[in-house]
Every structure is written in C-alpha cells, then in structure tokens.
Amino acid sequence: MTAGKVVVIGRCIGIVIVAVILQVSVMSSLGVLGVRPELTLLLAVAAGVAAGPDRGVVLGFSLGLTYDLFLQTPLGMTALVYCVVAYSAGRLQLQMAASRRSARMLFVGIGSALGVVAWVLVGRLLDAVGPPMTTIARVAIVVGVFNAAGALVATRLWTWVFAPDAPTRIPT
Amino acid sequence: MLQQTRTSRSRFILLLVLASALSLLTLDFRGFGPLETAQNGLRAVFEPVVGGVDSALNPVRNGFNGVLHYGDVKAENERLRERVAELEAMPLQEENAQQQLDELKKQMEITTARNMETRTARVLRGPVANFENNVRIDKGTSSGIRTDMVVVTAAGLVGRVVDVTDEQSVVELADSRNFGVGVRPTSATTPTNFALRGQGPGQPLLVQGDLGVDQVIEGGVVVTSGLDGSVFPPDIIVGRISKVPPPDGTSDGTARVSGVEVELEVDPSSLSFVTVLLWQSTQ
C-alpha cells in the first residue's frame, strides 16, 4: 500500500468518526421544525456524488455502520440504506455527467430526501420504526433542503480526500 | 470494454457491501452475542468523546436553540410559572393524606411506585436520529438497572428501559408509537381497566377499543393498573384524559365511546432527571 493510499484511508476514517461524533452530540440536539440535521447522510450522498459510486458505497456503509452503533434500530440498517443511496447518487451523477454546483446541490438534496424515505421503508420492513406519513414528508423535505445547502462543502471535503490537487472552483 | 469492466467491478463492490449489511442485520436479529458485545465495546470507546464534545459545544447549541426557538422558550416559561402557582396553591392536607396512605400501604406490604427501591439518573441526551423517541440516562447495570424497568418522574410515567450497558441505559418514552400500558381511571363512576397505546412523539396516547361513557371523564387522571404480569407497577400517574369523543354506539344499554385520548402528565421532551424503579414483573 502506498503512502498516498494510507493518507486517503486515514482521512476517510477521520471524517467518518468526526461526522458521527458531531451527529450524535451536536446535531441530535439541534433542529428546525422538529427535524434534526443528518450530517452523516449528507456525507454519504456527497461521497457518491464527489468520489463516484465505488467509493460512495464503501463510505456510505462505513458512515451508516458507525452511526448504527448509537441507534436503537437493528445494526446494519442505516449502513444498508446509506450504501445504496450513496451508490445510486454516484451512478446517476456519472450517467448525467453533471458537475455544476446547482447539479451537485440538487443530487445531494434529492438523494438525502430519498435516503430518509428509504430508511423509514427499511425500518418499516424490519418493524423498527413507523412514523406517520406527514412526519416522513416533513423530515425528508427539511433534510433534503439542509443537505442541499451543505452539498458543496461536503463534496469539496471528499474531493480534498481523494483528489487534493483538483481545482477548487466548481462551475456554477 | 474498459467501461464494462468498471461497471462490473462497481456492481461487485455494491453486492459485497450489501451482503455485509444484510449479514449484520441477520446476526443482530438473531441476537448474536459477540456482535452485541462488540457494539457495546465500540460504543463505550466513543461515548467519552461524544460526551466531551457535547459538553464543549453546549453553550453554542444552547445559543442556537435559544435564538431559533425563542417563542417556544417564552411560552414554556409562562406555562411553568402557571404550573408552579397551581402547585403552590395545592392544599397541604392532600400531601398529608398521601403520606398516610403510603405509610398504610407500606405496613400492609402493598408494593407501589412510592415505596419501592429506586435510582435517580441524569438524562444525558435525547433521541439521536429523527425517527427515534428515547432518552439515554447515566445509570446502567452497575446501578441495578435492567431491561423493562419502569422510569418515572415526580409527575408520572416517563417510559421503560429498553437497552442497558454497564453505565448507561436507553429509555423508550411513553409517547412512542406502539408503546403500550395498562391503566385505570381514578375518577370513573364504574371501575375499569383498559390499554393505552402510543401514537408517536408529542401525540396523546390512544385508548384501545371502546369504553362506556361512565368510565371516562374528560380531565380525569389515569394511573397504571399494575395487573398481574404487567411490566408496570400499580398507581403510577400516566396522564389525563384529554379527549372524549361523542358516543358512537351502545352495548348492553350503555353508550360507548371510542377514540379516547390521554395526554401524558410528563413532558418527555424536557427531561433532566428521572427515577428508575428497581422493580421487575414477577412473570
């Protein structure tokens, strides 16, 4: 393994751990309209968009699994949803070859909202969660908007991890 | 060709990761011991860091919440002032009567929530994720706490313990969806027991089935029935009947109502300290 790869893996592990700690400690007590920001989901979807589906799926799984440690839902449930969402966002991004700021924000926002819905659907299948439809819609919309707003920072973070020499400006 | 190889590799990675997630889910559902031990161990490693970050960023978070929820905080403050005034006006005789009743029950060896062994615990944090409805407290098995033990405050029922580690426990709140508790109204003209079921965070609990109109009075207090085999000991205040819809039928000549709701006496969203009753059902 080259030194470069070690650095990349180290950065990934660092980001995953810091993100989950922030999610559990800070984000869990913040909220707008009764909805908590989903930093881990933002980073999972952004990983797919910025680093491609292959890396996205692994990072989504890692973020979800670490987050799962703190949740009361079955272990592996969030990991399952995050990896699928990150992979889908990455694949769609590749197919549409969209790299503009607005496209990234849209992908991350919609991906996050769908991630929330997918998480609830899997939770319902496993009989782990079952909120009413209005709550699901509210959470999905607010999380989608939050994450769209944070999309550029999150995708830039993953670009820094995997391609630190890439141009910092993203076409508007 | 290169594109095709890349897509195949990509799908292979996805399948591999999906298989790992599904394996973990299966093992978790089967209650695989080593997995639970590993999960608890990792959580124990992370917890001090989470706690440290939590404390360090507390002022920032409080400031943010204060700005964002100024109106709610003001309304809550006014509500609490009214409540304090109400409690101060409560006659002392009532307190004296309660003490006498407790003493009598103790002498007759009747177990109630007021005379059993308890542990006071601090609420560390509320729900972590958006669709969860629980709180984490700072006492665990080392303090004698076990799964299914009942958690209360002076105002009434909070919930029950669903997960315990050495130093912490997770309490499922009473307004969680599908949280069930057997209760009885204290002011009904005809004694009765019925079941309540949670409808989700912030929602009142719903009475299961229908009741005779003389069995429920709007504003009446309901307490745990504590029937044999119940997870809950008797006489813990649960809440007040907040909604009695118009009768929608009769049975044995008695008018019946369905859709009766009970508002919890405790506000689960603003807990700082709770009491765990070190009591477990005999069945």
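Every chain is numbered from 1, with letters handed out A, B, ... down the list of sequences. Since we're looking at a predicted model, the values are computed, not measured.
- The structure places SG of A:C83 at 6.5 Å from CG of B:L14, a figure rounded to the nearest 0.5 Å.
- Side-chain atoms of A:Y87 and B:I13, non-hydrogen and from C-beta on, never get closer than 4.5 Å to each other.
- Between chain B and the residues A:P74, A:A86, A:G52, A:G34, the most heavy-atom pairs under 4.5 angstrom are made by A:P74.
- With chain B as partner, the option from A:P132, A:G64, A:G90, A:S25 having the largest number of non-hydrogen pairs under 4.5 angstrom is A:S25.
- B:E132 places no side-chain N or O within 3.5 Å of a backbone atom of A:L71 that could act as its donor or acceptor partner.
- Proximity of B:N130 to A:V116: side-chain heavy atoms (C-beta onward) are nowhere separated by under 4.5 Å.
- Of the atoms belonging to B:V50, heavy atoms from both backbone and side chain fall under 4.5 Å from chain A.
- A:R91 and B:S10 make their closest contact through NH2-OG, 3.4 Å (heavy atoms, listed as atom of the first residue, atom of the second, distance).
- Options A:V26, A:L75, A:L126, A:V57 differ in how many heavy-atom pairs under 4.5 Å they form with chain B, and the most are formed by A:L75.
- Counting all heavy atoms, side chain and backbone alike, A:L69 lies closest to B:R43 at O-NE, 2.7 Å.
- In this structure, B:Q208 places its CD atom where more than 12 heavy-atom neighbours from other residues, nucleotides or ligands lie under 6.0 Å away.
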Hey, mind stepping through A:F70 and B:E47 against side-chain contact (heavy atoms from CB on, under 4.5 Å) and telling me if it holds? CA-CA 9 Å; A:F70 294 90; B:E47 271 305 337; 3.8 Å; yes
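- If you measure heavy-atom distances from A:V143 to chain B, the contacts under 4.5 Å come from the side chain alone.
- Taken from CG in B:N134 to CD in A:Q72, the straight-line distance is 5.5 Å, to the nearest 0.5 Å.
- Note that the CZ atom of A:F61 and the CG atom of B:L16 stand 9.0 Å from one another [nearest 0.5 Å].
- For chain A, no part of B:F12 is nearby; none of its heavy atoms comes within less than 4.5 Å.
- For B:D28, the part lying near chain A is the side chain, with the backbone staying farther off; criterion is any non-hydrogen pair under 4.5 Å.
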May I have the step-by-step check of side-chain contact (heavy atoms from CB on, under 4.5 Å) for B:F46 and A:V24, ending in yes or no? CA-CA 10 Å; B:F46 275 112; A:V24 173; over 6 Å; no
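- With rounding to the nearest 0.5 Å, the separation of CZ in B:R177 from OG1 in A:T135 is 11.0 Å.
- Residue contact with chain B, scored on non-hydrogen atoms closer than 4.5 Å, is absent for A:T78.
- Per-residue heavy-atom pair counts under 4.5 Å with chain A were compared for B:L124, B:V162, B:L25, and the maximum is reached by B:L25.
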